[in-house]
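These notes are about the structure you will find just below.
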Amino acid sequence: MIRLNTHVKKRYTLIILLVVVITIAVTISAFSLYGYIKDVVINEIGKNAANTSMTIAEFIEQDLDSYKKLYDTKEYKEGTYNKVYYDKMQKLFNKLIKQTGAKYIYTEKRVSDDEIVYILDGKGQVLGVKEKMSKLKIKTYNNEAPMYSEIISDEIWGPIISGFTPIKDNKTGEVYGFIGVDFSLQYIQNILFKVKQVITLVSLLVIFLSSIIAYIIFQRVIDREYMESQQKYKSLADNTPDYLYILDKKGHFIESNPQFETITGYSQSDLINKEPSNLILEEYHRIIDNGIEQTRKGLTTRNDIQIKKKDGTILDVHTTLFPMSINGKVMGTFIYGRDVTKIKETEKMLLKAEKLSVIGELAAGIAHEIRNPLTSIRGLIQLLHSGDQIHSTYYQVILEEVDRINQIVGELLVLAKPTKSQLVKGNIEEVMQSVITLLTPQSNLNGIDMFIKALDPIPEIDCEPNSLKQVFLNMIKNSIEAEAKKIEIKLSKTKDDFVKVMIKDDGCGIDEERIKHLGEPFYSMKEKGTGLGLTVSYKILADHHATIRYFSQLGQGTEIEICLPIHADLKNIHKAT
(Lines give C-alpha, C1' and ligand atoms only; values in the text may rest on other atoms or scores of the structure.)
Protein backbone atom coordinates (compact mmCIF):
# COMPACT_ATOMS: atom_id res chain seq x y z
CA MET A 1 0.00 0.00 0.00
CA ILE A 2 3.09 2.20 -0.29
CA ARG A 3 5.70 3.78 -2.84
CA LEU A 4 9.34 2.65 -2.32
CA ASN A 5 10.61 3.34 -5.82
CA THR A 6 13.19 6.06 -5.16
CA HIS A 7 14.48 4.39 -2.02
CA VAL A 8 14.67 0.98 -3.70
CA LYS A 9 16.49 2.42 -6.72
CA LYS A 10 19.09 4.03 -4.46
CA ARG A 11 19.63 0.79 -2.59
CA TYR A 12 19.73 -1.15 -5.84
CA THR A 13 22.37 1.23 -7.21
CA LEU A 14 24.46 0.81 -4.07
CA ILE A 15 24.23 -2.98 -4.38
CA ILE A 16 25.39 -2.83 -8.02
CA LEU A 17 28.30 -0.59 -7.05
CA LEU A 18 29.18 -2.96 -4.22
CA VAL A 19 29.16 -5.95 -6.60
CA VAL A 20 31.30 -4.03 -9.11
CA VAL A 21 33.80 -3.12 -6.37
CA ILE A 22 33.88 -6.74 -5.17
CA THR A 23 34.38 -7.94 -8.75
CA ILE A 24 37.25 -5.51 -9.35
CA ALA A 25 38.86 -6.35 -5.99
CA VAL A 26 38.56 -10.10 -6.53
CA THR A 27 39.85 -9.82 -10.13
CA ILE A 28 42.88 -7.77 -9.05
CA SER A 29 43.52 -10.18 -6.18
CA ALA A 30 43.22 -13.18 -8.52
CA PHE A 31 45.69 -11.74 -11.03
CA SER A 32 48.03 -10.76 -8.22
CA LEU A 33 47.82 -14.26 -6.72
CA TYR A 34 48.44 -15.88 -10.10
CA GLY A 35 51.39 -13.56 -10.74
CA TYR A 36 52.78 -14.30 -7.31
CA ILE A 37 52.47 -18.08 -7.79
CA LYS A 38 54.00 -17.83 -11.26
CA ASP A 39 56.91 -15.75 -9.96
CA VAL A 40 57.50 -18.15 -7.09
CA VAL A 41 57.46 -21.20 -9.40
CA ILE A 42 59.74 -19.59 -12.00
CA ASN A 43 62.11 -18.33 -9.32
CA GLU A 44 62.28 -21.76 -7.75
CA ILE A 45 62.97 -23.33 -11.16
CA GLY A 46 65.62 -20.69 -11.86
CA LYS A 47 67.26 -21.31 -8.47
CA ASN A 48 67.15 -25.05 -9.14
CA ALA A 49 68.84 -24.50 -12.53
CA ALA A 50 71.47 -22.26 -10.93
CA ASN A 51 72.12 -24.71 -8.07
CA THR A 52 72.36 -27.61 -10.50
CA SER A 53 74.92 -25.71 -12.59
CA MET A 54 76.85 -24.87 -9.42
CA THR A 55 76.92 -28.55 -8.40
CA ILE A 56 78.41 -29.50 -11.79
CA ALA A 57 80.87 -26.59 -11.67
CA GLU A 58 82.13 -27.71 -8.26
CA PHE A 59 82.53 -31.26 -9.58
CA ILE A 60 84.52 -30.06 -12.61
CA GLU A 61 86.68 -27.72 -10.50
CA GLN A 62 87.83 -30.74 -8.46
CA ASP A 63 89.38 -32.28 -11.62
CA LEU A 64 89.73 -29.24 -13.84
CA ASP A 65 92.80 -30.57 -15.65
CA SER A 66 90.91 -33.58 -16.95
CA TYR A 67 88.08 -31.29 -18.00
CA LYS A 68 90.47 -29.02 -19.87
CA LYS A 69 91.98 -31.98 -21.67
CA LEU A 70 88.56 -33.26 -22.57
CA TYR A 71 87.29 -29.90 -23.70
CA ASP A 72 90.36 -29.14 -25.81
CA THR A 73 90.39 -32.47 -27.64
CA LYS A 74 89.33 -32.58 -31.19
CA GLU A 75 87.36 -35.74 -30.56
CA TYR A 76 85.14 -34.04 -27.91
CA LYS A 77 84.30 -31.21 -30.17
CA GLU A 78 83.46 -33.63 -32.93
CA GLY A 79 81.57 -35.92 -30.61
CA THR A 80 83.83 -38.95 -31.09
CA TYR A 81 85.84 -38.77 -27.83
CA ASN A 82 85.09 -41.73 -25.58
CA LYS A 83 87.33 -41.40 -22.65
CA VAL A 84 86.63 -42.17 -19.01
CA TYR A 85 86.12 -38.56 -17.93
CA TYR A 86 83.70 -37.91 -20.75
CA ASP A 87 81.64 -40.91 -19.74
CA LYS A 88 81.86 -39.83 -16.17
CA MET A 89 80.54 -36.36 -17.03
CA GLN A 90 77.76 -37.77 -19.19
CA LYS A 91 76.65 -40.02 -16.37
CA LEU A 92 76.63 -37.05 -14.05
CA PHE A 93 74.62 -35.01 -16.54
CA ASN A 94 72.10 -37.79 -17.01
CA LYS A 95 71.79 -38.30 -13.30
CA LEU A 96 71.22 -34.59 -12.66
CA ILE A 97 68.72 -34.41 -15.51
CA LYS A 98 66.73 -37.22 -13.94
CA GLN A 99 67.02 -35.80 -10.42
CA THR A 100 66.26 -32.18 -11.22
CA GLY A 101 64.06 -32.40 -14.30
CA ALA A 102 66.51 -30.30 -16.33
CA LYS A 103 66.00 -30.43 -20.06
CA TYR A 104 69.65 -30.14 -21.06
CA ILE A 105 73.08 -29.63 -19.39
CA TYR A 106 76.07 -28.37 -21.25
CA THR A 107 79.61 -27.04 -20.62
CA GLU A 108 81.69 -24.49 -22.50
CA LYS A 109 85.17 -23.02 -22.32
CA ARG A 110 85.47 -19.26 -21.99
CA VAL A 111 86.84 -17.69 -25.13
CA SER A 112 85.85 -14.03 -24.82
CA ASP A 113 83.28 -11.82 -23.05
CA ASP A 114 81.23 -11.27 -26.21
CA GLU A 115 81.18 -14.83 -27.50
CA ILE A 116 78.02 -16.42 -28.73
CA VAL A 117 76.84 -19.46 -26.82
CA TYR A 118 76.67 -22.64 -28.86
CA ILE A 119 74.49 -25.29 -27.34
CA LEU A 120 76.02 -28.75 -27.65
CA ASP A 121 74.20 -32.00 -27.12
CA GLY A 122 75.65 -35.04 -25.38
CA LYS A 123 77.65 -35.88 -28.48
CA GLY A 124 79.13 -32.39 -28.77
CA GLN A 125 77.04 -31.40 -31.76
CA VAL A 126 75.83 -27.83 -32.07
CA LEU A 127 72.07 -27.55 -31.52
CA GLY A 128 71.52 -23.80 -31.79
CA VAL A 129 72.63 -20.31 -30.89
CA LYS A 130 71.22 -18.33 -27.96
CA GLU A 131 71.78 -14.60 -28.03
CA LYS A 132 70.15 -14.06 -24.65
CA MET A 133 72.22 -16.78 -23.08
CA SER A 134 75.36 -15.17 -24.44
CA LYS A 135 74.54 -11.96 -22.54
CA LEU A 136 73.71 -13.89 -19.40
CA LYS A 137 76.91 -15.91 -19.67
CA ILE A 138 78.98 -12.72 -19.97
CA LYS A 139 77.26 -11.38 -16.87
CA THR A 140 77.94 -14.65 -15.11
CA TYR A 141 81.65 -14.44 -15.97
CA ASN A 142 81.81 -10.90 -14.63
CA ASN A 143 80.00 -11.70 -11.39
CA GLU A 144 81.62 -15.09 -10.97
CA ALA A 145 78.49 -16.44 -9.26
CA PRO A 146 75.65 -18.83 -10.23
CA MET A 147 72.71 -17.07 -11.91
CA TYR A 148 69.55 -17.96 -13.82
CA SER A 149 67.86 -16.32 -16.74
CA GLU A 150 64.41 -15.04 -17.47
CA ILE A 151 62.11 -17.17 -19.59
CA ILE A 152 63.76 -17.71 -22.98
CA SER A 153 61.95 -19.08 -26.02
CA ASP A 154 63.68 -21.90 -27.85
CA GLU A 155 62.64 -23.45 -31.14
CA ILE A 156 63.46 -26.98 -29.96
CA TRP A 157 62.75 -26.93 -26.20
CA GLY A 158 60.12 -24.23 -26.08
CA PRO A 159 60.18 -21.79 -23.13
CA ILE A 160 63.10 -22.52 -20.84
CA ILE A 161 65.00 -21.07 -17.89
CA SER A 162 68.78 -21.43 -17.93
CA GLY A 163 71.06 -21.56 -14.90
CA PHE A 164 74.76 -20.65 -15.20
CA THR A 165 77.76 -21.11 -12.91
CA PRO A 166 81.33 -20.12 -13.81
CA ILE A 167 84.03 -22.77 -13.68
CA LYS A 168 87.03 -21.36 -11.75
CA ASP A 169 90.62 -22.41 -11.92
CA ASN A 170 91.53 -22.74 -8.25
CA LYS A 171 95.20 -22.36 -9.06
CA THR A 172 94.94 -19.09 -10.95
CA GLY A 173 91.53 -17.91 -9.72
CA GLU A 174 90.42 -17.22 -13.25
CA VAL A 175 87.14 -18.27 -14.87
CA TYR A 176 87.89 -21.02 -17.32
CA GLY A 177 84.35 -21.58 -18.63
CA PHE A 178 80.81 -22.11 -17.37
CA ILE A 179 78.12 -24.71 -16.83
CA GLY A 180 74.70 -24.16 -18.37
CA VAL A 181 71.51 -26.00 -17.31
CA ASP A 182 68.22 -25.62 -19.19
CA PHE A 183 64.85 -26.29 -17.54
CA SER A 184 61.77 -26.58 -19.79
CA LEU A 185 58.65 -24.73 -18.71
CA GLN A 186 56.18 -26.53 -20.97
CA TYR A 187 54.98 -28.83 -18.21
CA ILE A 188 55.09 -26.01 -15.67
CA GLN A 189 53.10 -23.79 -18.02
CA ASN A 190 50.42 -26.45 -18.24
CA ILE A 191 50.32 -26.58 -14.46
CA LEU A 192 50.24 -22.78 -14.26
CA PHE A 193 47.41 -22.69 -16.80
CA LYS A 194 45.43 -25.08 -14.63
CA VAL A 195 46.27 -23.01 -11.58
CA LYS A 196 45.07 -19.94 -13.47
CA GLN A 197 41.84 -21.73 -14.33
CA VAL A 198 41.33 -22.73 -10.71
CA ILE A 199 42.01 -19.18 -9.51
CA THR A 200 39.60 -17.83 -12.16
CA LEU A 201 36.88 -20.28 -11.13
CA VAL A 202 37.42 -19.51 -7.46
CA SER A 203 37.29 -15.78 -8.24
CA LEU A 204 34.06 -16.19 -10.20
CA LEU A 205 32.66 -18.26 -7.37
CA VAL A 206 33.63 -15.59 -4.84
CA ILE A 207 32.04 -12.90 -7.04
CA PHE A 208 28.92 -15.03 -7.48
CA LEU A 209 28.61 -15.78 -3.77
CA SER A 210 29.29 -12.14 -2.92
CA SER A 211 26.57 -11.06 -5.34
CA ILE A 212 24.12 -13.55 -3.83
CA ILE A 213 24.99 -12.43 -0.29
CA ALA A 214 24.66 -8.78 -1.32
CA TYR A 215 21.30 -9.53 -2.96
CA ILE A 216 20.08 -11.42 0.12
CA ILE A 217 21.14 -8.55 2.37
CA PHE A 218 19.52 -6.08 -0.01
CA GLN A 219 16.31 -8.12 -0.15
CA ARG A 220 16.17 -8.46 3.62
CA VAL A 221 16.68 -4.74 4.09
CA ILE A 222 13.97 -3.97 1.52
CA ASP A 223 11.65 -6.57 3.04
CA ARG A 224 12.23 -5.14 6.50
CA GLU A 225 11.61 -1.59 5.31
CA TYR A 226 8.60 -2.76 3.33
CA MET A 227 7.17 -4.53 6.37
CA GLU A 228 7.80 -1.47 8.53
CA SER A 229 6.10 0.69 5.92
CA GLN A 230 3.26 -1.83 5.68
CA GLN A 231 2.85 -1.77 9.46
CA LYS A 232 2.71 2.03 9.45
CA TYR A 233 0.10 2.14 6.71
CA LYS A 234 -1.81 -0.78 8.20
CA SER A 235 -1.85 0.97 11.56
CA LEU A 236 -3.12 4.11 9.84
CA ALA A 237 -5.76 2.17 7.89
CA ASP A 238 -6.87 0.16 10.93
CA ASN A 239 -7.23 3.20 13.18
CA THR A 240 -8.85 5.64 10.78
CA PRO A 241 -12.56 6.20 11.54
CA ASP A 242 -13.35 5.85 7.83
CA TYR A 243 -13.47 2.71 5.72
CA LEU A 244 -10.83 1.67 3.21
CA TYR A 245 -10.86 -1.20 0.77
CA ILE A 246 -8.64 -2.34 -2.10
CA LEU A 247 -9.53 -3.53 -5.58
CA ASP A 248 -7.16 -5.47 -7.83
CA LYS A 249 -6.37 -4.56 -11.46
CA LYS A 250 -9.62 -6.19 -12.59
CA GLY A 251 -11.70 -4.20 -10.10
CA HIS A 252 -12.28 -7.13 -7.74
CA PHE A 253 -12.37 -6.72 -3.97
CA ILE A 254 -9.25 -8.09 -2.21
CA GLU A 255 -8.91 -6.44 1.21
CA SER A 256 -10.45 -3.91 3.62
CA ASN A 257 -9.80 -2.34 7.01
CA PRO A 258 -11.86 -3.20 10.15
CA GLN A 259 -13.99 -0.05 9.85
CA PHE A 260 -15.29 -1.28 6.49
CA GLU A 261 -17.32 -4.02 8.16
CA THR A 262 -18.34 -1.72 11.00
CA ILE A 263 -19.72 0.92 8.61
CA THR A 264 -21.13 -1.22 5.78
CA GLY A 265 -21.93 -4.50 7.55
CA TYR A 266 -20.05 -6.47 4.87
CA SER A 267 -17.13 -8.67 5.92
CA GLN A 268 -14.16 -9.37 3.64
CA SER A 269 -15.47 -12.87 2.95
CA ASP A 270 -18.76 -11.39 1.65
CA LEU A 271 -17.01 -9.48 -1.16
CA ILE A 272 -13.64 -11.19 -1.71
CA ASN A 273 -12.80 -11.53 -5.44
CA LYS A 274 -16.09 -9.84 -6.36
CA GLU A 275 -16.99 -6.44 -7.77
CA PRO A 276 -18.45 -4.24 -5.01
CA SER A 277 -21.68 -3.70 -7.01
CA ASN A 278 -23.91 -4.75 -4.09
CA LEU A 279 -22.33 -2.02 -1.98
CA ILE A 280 -22.71 0.93 -4.36
CA LEU A 281 -26.10 2.14 -5.56
CA GLU A 282 -26.64 1.50 -9.25
CA GLU A 283 -26.80 5.16 -10.25
CA TYR A 284 -23.23 5.61 -8.94
CA HIS A 285 -21.66 2.58 -10.67
CA ARG A 286 -20.50 4.66 -13.62
CA ILE A 287 -18.83 7.22 -11.35
CA ILE A 288 -16.84 4.48 -9.58
CA ASP A 289 -15.95 2.77 -12.88
CA ASN A 290 -14.62 6.06 -14.26
CA GLY A 291 -12.66 6.61 -11.04
CA ILE A 292 -11.05 3.15 -11.30
CA GLU A 293 -10.12 3.87 -14.91
CA GLN A 294 -8.45 7.13 -13.82
CA THR A 295 -6.42 5.35 -11.12
CA ARG A 296 -5.01 3.03 -13.80
CA LYS A 297 -3.53 6.19 -15.31
CA GLY A 298 -2.06 7.15 -11.94
CA LEU A 299 -4.72 9.79 -11.14
CA THR A 300 -6.82 10.42 -8.02
CA THR A 301 -10.57 11.18 -8.09
CA ARG A 302 -13.07 12.33 -5.45
CA ASN A 303 -16.86 12.01 -5.56
CA ASP A 304 -19.94 11.99 -3.37
CA ILE A 305 -21.90 8.76 -3.75
CA GLN A 306 -24.42 6.66 -1.87
CA ILE A 307 -23.84 3.11 -0.66
CA LYS A 308 -26.24 0.47 0.58
CA LYS A 309 -25.34 -1.26 3.82
CA LYS A 310 -25.90 -4.97 4.26
CA ASP A 311 -29.06 -4.21 6.28
CA GLY A 312 -30.38 -2.01 3.46
CA THR A 313 -29.62 1.37 5.07
CA ILE A 314 -28.50 4.06 2.61
CA LEU A 315 -25.41 6.10 3.53
CA ASP A 316 -24.02 9.24 1.92
CA VAL A 317 -20.28 8.75 1.43
CA HIS A 318 -17.48 10.98 0.21
CA THR A 319 -15.09 8.67 -1.65
CA THR A 320 -11.49 9.11 -2.76
CA LEU A 321 -10.04 6.72 -5.33
CA PHE A 322 -6.25 6.63 -5.71
CA PRO A 323 -3.84 4.16 -7.34
CA MET A 324 -2.08 1.36 -5.47
CA SER A 325 1.46 1.54 -6.88
CA ILE A 326 4.13 -1.13 -6.36
CA ASN A 327 7.58 -0.47 -7.84
CA GLY A 328 6.13 2.19 -10.13
CA LYS A 329 3.33 -0.01 -11.53
CA VAL A 330 -0.36 0.47 -10.78
CA MET A 331 -1.49 -2.86 -9.32
CA GLY A 332 -4.94 -1.85 -8.07
CA THR A 333 -7.13 0.85 -6.53
CA PHE A 334 -7.56 2.17 -2.99
CA ILE A 335 -11.11 3.35 -2.25
CA TYR A 336 -11.34 5.52 0.83
CA GLY A 337 -14.82 6.38 2.07
CA ARG A 338 -16.03 8.81 4.71
CA ASP A 339 -19.58 8.59 6.00
CA VAL A 340 -21.10 12.07 5.53
CA THR A 341 -24.73 11.05 6.12
CA LYS A 342 -25.00 13.16 9.27
CA ILE A 343 -23.32 16.07 7.53
CA LYS A 344 -25.84 15.82 4.68
CA GLU A 345 -28.69 15.64 7.17
CA THR A 346 -27.29 18.66 8.97
CA GLU A 347 -27.11 20.52 5.67
CA LYS A 348 -30.76 19.64 5.00
CA MET A 349 -31.70 20.78 8.48
CA LEU A 350 -29.85 24.03 7.95
CA LEU A 351 -31.65 24.49 4.63
CA LYS A 352 -34.98 23.86 6.33
CA ALA A 353 -34.02 26.21 9.13
CA GLU A 354 -33.14 28.85 6.55
CA LYS A 355 -36.52 28.38 4.87
CA LEU A 356 -38.27 28.60 8.22
CA SER A 357 -36.32 31.74 8.99
CA VAL A 358 -37.45 33.32 5.74
CA ILE A 359 -41.03 32.24 6.42
CA GLY A 360 -40.77 33.61 9.95
CA GLU A 361 -39.56 36.97 8.70
CA LEU A 362 -42.38 37.01 6.15
CA ALA A 363 -44.94 36.00 8.75
CA ALA A 364 -43.72 38.55 11.25
CA GLY A 365 -44.08 41.28 8.63
CA ILE A 366 -47.53 40.56 7.31
CA ALA A 367 -49.43 38.23 9.69
CA HIS A 368 -50.74 40.94 12.01
CA GLU A 369 -51.58 43.20 9.08
CA ILE A 370 -53.64 40.42 7.53
CA ARG A 371 -55.45 39.35 10.72
CA ASN A 372 -56.86 42.77 11.51
CA PRO A 373 -58.59 43.19 8.12
CA LEU A 374 -59.74 39.56 8.29
CA THR A 375 -61.43 40.20 11.63
CA SER A 376 -63.26 43.16 10.15
CA ILE A 377 -64.22 41.26 7.01
CA ARG A 378 -65.56 38.31 9.02
CA GLY A 379 -67.62 40.58 11.25
CA LEU A 380 -69.15 42.38 8.28
CA ILE A 381 -69.91 39.13 6.47
CA GLN A 382 -71.68 37.78 9.56
CA LEU A 383 -73.69 41.03 9.75
CA LEU A 384 -74.70 40.81 6.10
CA HIS A 385 -75.45 37.10 6.50
CA SER A 386 -77.92 37.79 9.32
CA GLY A 387 -79.89 40.21 7.15
CA ASP A 388 -79.77 38.31 3.86
CA GLN A 389 -80.84 34.67 4.08
CA ILE A 390 -81.28 34.44 0.30
CA HIS A 391 -77.50 34.34 -0.26
CA SER A 392 -76.79 32.32 2.87
CA THR A 393 -74.78 29.70 0.96
CA TYR A 394 -72.45 32.31 -0.48
CA TYR A 395 -71.91 33.92 2.89
CA GLN A 396 -71.08 30.53 4.41
CA VAL A 397 -68.43 29.84 1.74
CA ILE A 398 -66.90 33.29 2.28
CA LEU A 399 -66.75 32.72 6.05
CA GLU A 400 -65.09 29.31 5.58
CA GLU A 401 -62.42 30.75 3.29
CA VAL A 402 -61.81 33.66 5.69
CA ASP A 403 -61.38 31.12 8.50
CA ARG A 404 -58.98 29.16 6.29
CA ILE A 405 -56.92 32.30 5.67
CA ASN A 406 -56.95 32.98 9.39
CA GLN A 407 -55.71 29.42 10.05
CA ILE A 408 -52.81 29.84 7.60
CA VAL A 409 -51.87 33.12 9.24
CA GLY A 410 -51.95 31.37 12.63
CA GLU A 411 -49.60 28.67 11.38
CA LEU A 412 -47.29 31.32 9.99
CA LEU A 413 -47.22 33.02 13.37
CA VAL A 414 -46.31 29.71 15.04
CA LEU A 415 -43.31 29.45 12.74
CA ALA A 416 -42.37 33.05 13.35
CA LYS A 417 -42.36 32.75 17.15
CA PRO A 418 -38.79 32.40 18.47
CA THR A 419 -40.03 31.84 22.03
CA LYS A 420 -38.76 28.91 24.01
CA SER A 421 -41.30 26.22 24.87
CA GLN A 422 -42.30 26.03 28.54
CA LEU A 423 -42.45 22.33 29.38
CA VAL A 424 -44.62 20.79 32.08
CA LYS A 425 -45.23 17.26 33.31
CA GLY A 426 -47.93 15.82 31.09
CA ASN A 427 -49.61 12.49 30.45
CA ILE A 428 -49.12 11.63 26.81
CA GLU A 429 -51.89 9.00 26.95
CA GLU A 430 -54.40 11.64 28.05
CA VAL A 431 -53.22 14.02 25.34
CA MET A 432 -53.71 11.34 22.69
CA GLN A 433 -57.12 10.37 24.12
CA SER A 434 -58.33 13.97 23.81
CA VAL A 435 -57.18 14.01 20.18
CA ILE A 436 -59.12 10.77 19.52
CA THR A 437 -62.18 12.30 21.11
CA LEU A 438 -61.93 15.36 18.82
CA LEU A 439 -61.52 13.28 15.66
CA THR A 440 -64.01 10.50 16.44
CA PRO A 441 -66.95 12.24 14.70
CA GLN A 442 -64.88 12.72 11.53
CA SER A 443 -63.62 9.12 11.63
CA ASN A 444 -67.13 7.77 12.10
CA LEU A 445 -68.34 9.88 9.22
CA ASN A 446 -65.68 8.29 6.98
CA GLY A 447 -66.22 4.78 8.34
CA ILE A 448 -62.78 4.53 9.98
CA ASP A 449 -61.99 2.28 12.95
CA MET A 450 -59.67 4.18 15.27
CA PHE A 451 -58.36 2.92 18.60
CA ILE A 452 -55.48 3.52 21.02
CA LYS A 453 -53.50 0.94 22.98
CA ALA A 454 -50.83 1.36 25.67
CA LEU A 455 -48.35 -1.53 25.56
CA ASP A 456 -46.59 -0.44 28.76
CA PRO A 457 -47.36 1.77 31.75
CA ILE A 458 -46.69 5.22 30.26
CA PRO A 459 -44.97 7.71 32.61
CA GLU A 460 -45.51 11.44 32.52
CA ILE A 461 -43.10 13.29 30.24
CA ASP A 462 -41.77 16.82 30.05
CA CYS A 463 -43.85 18.42 27.33
CA GLU A 464 -46.17 21.18 26.17
CA PRO A 465 -49.48 19.25 25.92
CA ASN A 466 -51.31 21.68 23.64
CA SER A 467 -48.44 21.71 21.13
CA LEU A 468 -48.27 17.91 21.09
CA LYS A 469 -52.04 17.80 20.64
CA GLN A 470 -51.61 19.89 17.48
CA VAL A 471 -48.92 17.44 16.23
CA PHE A 472 -51.08 14.36 16.81
CA LEU A 473 -54.10 16.10 15.24
CA ASN A 474 -52.07 16.79 12.07
CA MET A 475 -50.75 13.21 11.88
CA ILE A 476 -54.13 11.48 12.41
CA LYS A 477 -55.98 13.91 10.10
CA ASN A 478 -53.43 13.03 7.37
CA SER A 479 -54.27 9.33 7.91
CA ILE A 480 -57.98 10.08 7.64
CA GLU A 481 -57.44 12.05 4.43
CA ALA A 482 -55.33 9.15 3.05
CA GLU A 483 -58.58 7.14 2.85
CA ALA A 484 -57.58 4.78 5.65
CA LYS A 485 -60.16 2.33 7.00
CA LYS A 486 -58.28 1.56 10.20
CA ILE A 487 -56.02 3.75 12.32
CA GLU A 488 -54.08 2.07 15.11
CA ILE A 489 -52.24 4.05 17.79
CA LYS A 490 -49.78 2.32 20.14
CA LEU A 491 -47.94 3.83 23.10
CA SER A 492 -44.87 2.20 24.68
CA LYS A 493 -41.83 2.97 26.82
CA THR A 494 -38.32 2.26 25.53
CA LYS A 495 -35.31 1.14 27.56
CA ASP A 496 -33.51 4.44 26.96
CA ASP A 497 -36.24 6.56 28.64
CA PHE A 498 -38.31 7.51 25.62
CA VAL A 499 -42.02 7.23 25.02
CA LYS A 500 -42.73 5.84 21.58
CA VAL A 501 -45.91 6.80 19.73
CA MET A 502 -46.79 4.60 16.71
CA ILE A 503 -49.56 5.77 14.37
CA LYS A 504 -50.37 3.16 11.74
CA ASP A 505 -53.00 3.31 8.98
CA ASP A 506 -53.94 1.24 5.97
CA GLY A 507 -54.42 4.20 3.62
CA CYS A 508 -52.99 4.90 0.17
CA GLY A 509 -49.43 5.21 1.45
CA ILE A 510 -46.60 7.60 0.47
CA ASP A 511 -43.94 6.99 -2.14
CA GLU A 512 -40.27 7.14 -1.12
CA GLU A 513 -39.54 10.35 -3.01
CA ARG A 514 -42.32 12.26 -1.19
CA ILE A 515 -41.14 11.04 2.22
CA LYS A 516 -37.85 12.90 1.66
CA HIS A 517 -39.72 16.22 1.37
CA LEU A 518 -42.15 15.83 4.27
CA GLY A 519 -41.89 18.77 6.65
CA GLU A 520 -40.66 21.22 4.02
CA PRO A 521 -42.60 24.50 4.02
CA PHE A 522 -45.37 24.74 1.40
CA TYR A 523 -44.81 21.14 0.24
CA SER A 524 -48.17 19.40 -0.02
CA MET A 525 -49.87 16.94 -2.37
CA LYS A 526 -53.36 17.85 -1.14
CA GLU A 527 -55.59 19.94 -3.37
CA LYS A 528 -56.17 22.57 -0.67
CA GLY A 529 -53.09 21.88 1.45
CA THR A 530 -50.79 24.71 2.52
CA GLY A 531 -47.76 22.53 3.26
CA LEU A 532 -47.39 24.20 6.68
CA GLY A 533 -49.10 21.62 8.93
CA LEU A 534 -46.17 19.17 8.98
CA THR A 535 -43.69 22.04 9.02
CA VAL A 536 -45.28 23.31 12.25
CA SER A 537 -45.41 19.73 13.62
CA TYR A 538 -41.72 19.17 12.90
CA LYS A 539 -40.85 22.42 14.65
CA ILE A 540 -42.84 21.42 17.75
CA LEU A 541 -41.17 18.01 17.86
CA ALA A 542 -37.76 19.65 17.47
CA ASP A 543 -38.57 21.89 20.45
CA HIS A 544 -39.30 18.70 22.43
CA HIS A 545 -36.03 17.08 21.24
CA ALA A 546 -38.16 14.34 19.71
CA THR A 547 -37.61 12.31 16.55
CA ILE A 548 -40.05 11.29 13.83
CA ARG A 549 -39.73 8.57 11.17
CA TYR A 550 -41.99 7.45 8.35
CA PHE A 551 -42.37 3.88 7.03
CA SER A 552 -44.65 3.69 4.03
CA GLN A 553 -45.37 1.94 0.74
CA LEU A 554 -47.88 2.92 -1.90
CA GLY A 555 -51.16 1.03 -1.46
CA GLN A 556 -50.08 -0.54 1.85
CA GLY A 557 -50.49 2.29 4.30
CA THR A 558 -48.18 4.36 6.47
CA GLU A 559 -46.58 3.96 9.88
CA ILE A 560 -45.30 6.99 11.81
CA GLU A 561 -42.90 6.57 14.72
CA ILE A 562 -42.49 9.47 17.16
CA CYS A 563 -40.04 9.16 20.09
CA LEU A 564 -40.42 11.70 22.90
CA PRO A 565 -37.84 11.92 25.72
CA ILE A 566 -39.29 11.40 29.17
CA HIS A 567 -36.94 13.93 30.77
CA ALA A 568 -36.03 17.29 29.26
CA ASP A 569 -33.77 20.10 30.52
CA LEU A 570 -34.64 20.71 34.20
CA LYS A 571 -34.69 24.46 33.59
CA ASN A 572 -37.73 24.13 31.38
CA ILE A 573 -39.73 21.77 33.60
CA HIS A 574 -42.78 23.13 35.41
CA LYS A 575 -45.08 20.94 37.44
CA ALA A 576 -48.71 20.99 36.25
CA THR A 577 -51.04 22.54 38.77
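As the structure is a prediction and not an experimental result, all values here were calculated from the model. Numbering starts at 1 and runs along the sequence shown.
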Scan residues 27-43 for pairs that pass salt bridge (Lys or Arg N to Asp or Glu O under 4.0 Å), counting only residues two or more places apart or in two chains.
none
Calculate, to the nearest 0.5 Å, the distance between atoms OH and CD1 belonging to Tyr266 and Ile307 respectively.
9.0 Å
Nearest 0.5 angstrom please: Asn48 CG to Thr52 OG1, how far?
4.5 Å
Can you tell me how far apart CD1 (Ile37) and NZ (Lys196) are? Round to the nearest 0.5 Å.
12.5 Å
Under a 3.5 Å distance rule, please check whether Arg296 uses its side chain to pair with a backbone N or O of Lys249 as donor and acceptor.
yes
Which residue is it: Thr313, Ile314, Thr264? I am looking for the one with a side-chain contact (heavy atoms from CB on, under 4.5 Å) to Lys308.
Ile314
With distance as the sole test, does His285 use its side chain to make a donor-acceptor pair with the main-chain N or O of Ile280 at under 3.5 Å?
yes
Measuring only between side-chain heavy atoms, which start at C-beta, is Leu321 closer than 4.5 Å to Ile292?
yes
Rounded to the nearest 0.5 Å, what separation is found between the CD atom of Glu44 and the CG atom of Asn51?
9.5 Å
Strictly below 4.0 Å, N to O, side chains only: are Glu345 and Lys342 in salt-bridge contact?
no
Donor-acceptor pair, distance only, cut-off 3.5 Å: does the side chain of Glu275 make one with the backbone of Gly251?
no
Under the side-chain hydrogen bond (donor to acceptor under 3.5 Å, both in side chains) test, which residues partner Ser267, sequence neighbours left out?
Ser269, Asp270
Any donor-acceptor N/O pair, Asp497 side chain to Ile566 backbone, under 3.5 Å
no
With side chains defined as the heavy atoms from C-beta onward, is the minimum distance between Leu271 and Phe260 less than 4.5 Å?
yes
If we ignore hydrogens and angles and just use 3.5 Å, is the side chain of Thr319 paired with the main-chain N or O of Asn303 as donor and acceptor?
yes
Going from CG on Leu247 to NE2 on His252, what distance comes out if it is rounded to the nearest 0.5 angstrom?
9.0 Å
So does Thr341 get a backbone contact from the side chain of Asp339, meaning a donor-acceptor N/O pair under 3.5 Å?
yes
In this structure, is the centre-to-centre distance between the rings of Tyr245 and Phe253 below 6.0 Å?
yes
Value rounded to 0.5 Å, distance of CD1 in Ile343 from CZ in Arg338
7.5 Å
With sequence neighbours excluded, residues passing side-chain hydrogen bond (donor to acceptor under 3.5 Å, both in side chains) with Thr262:
none
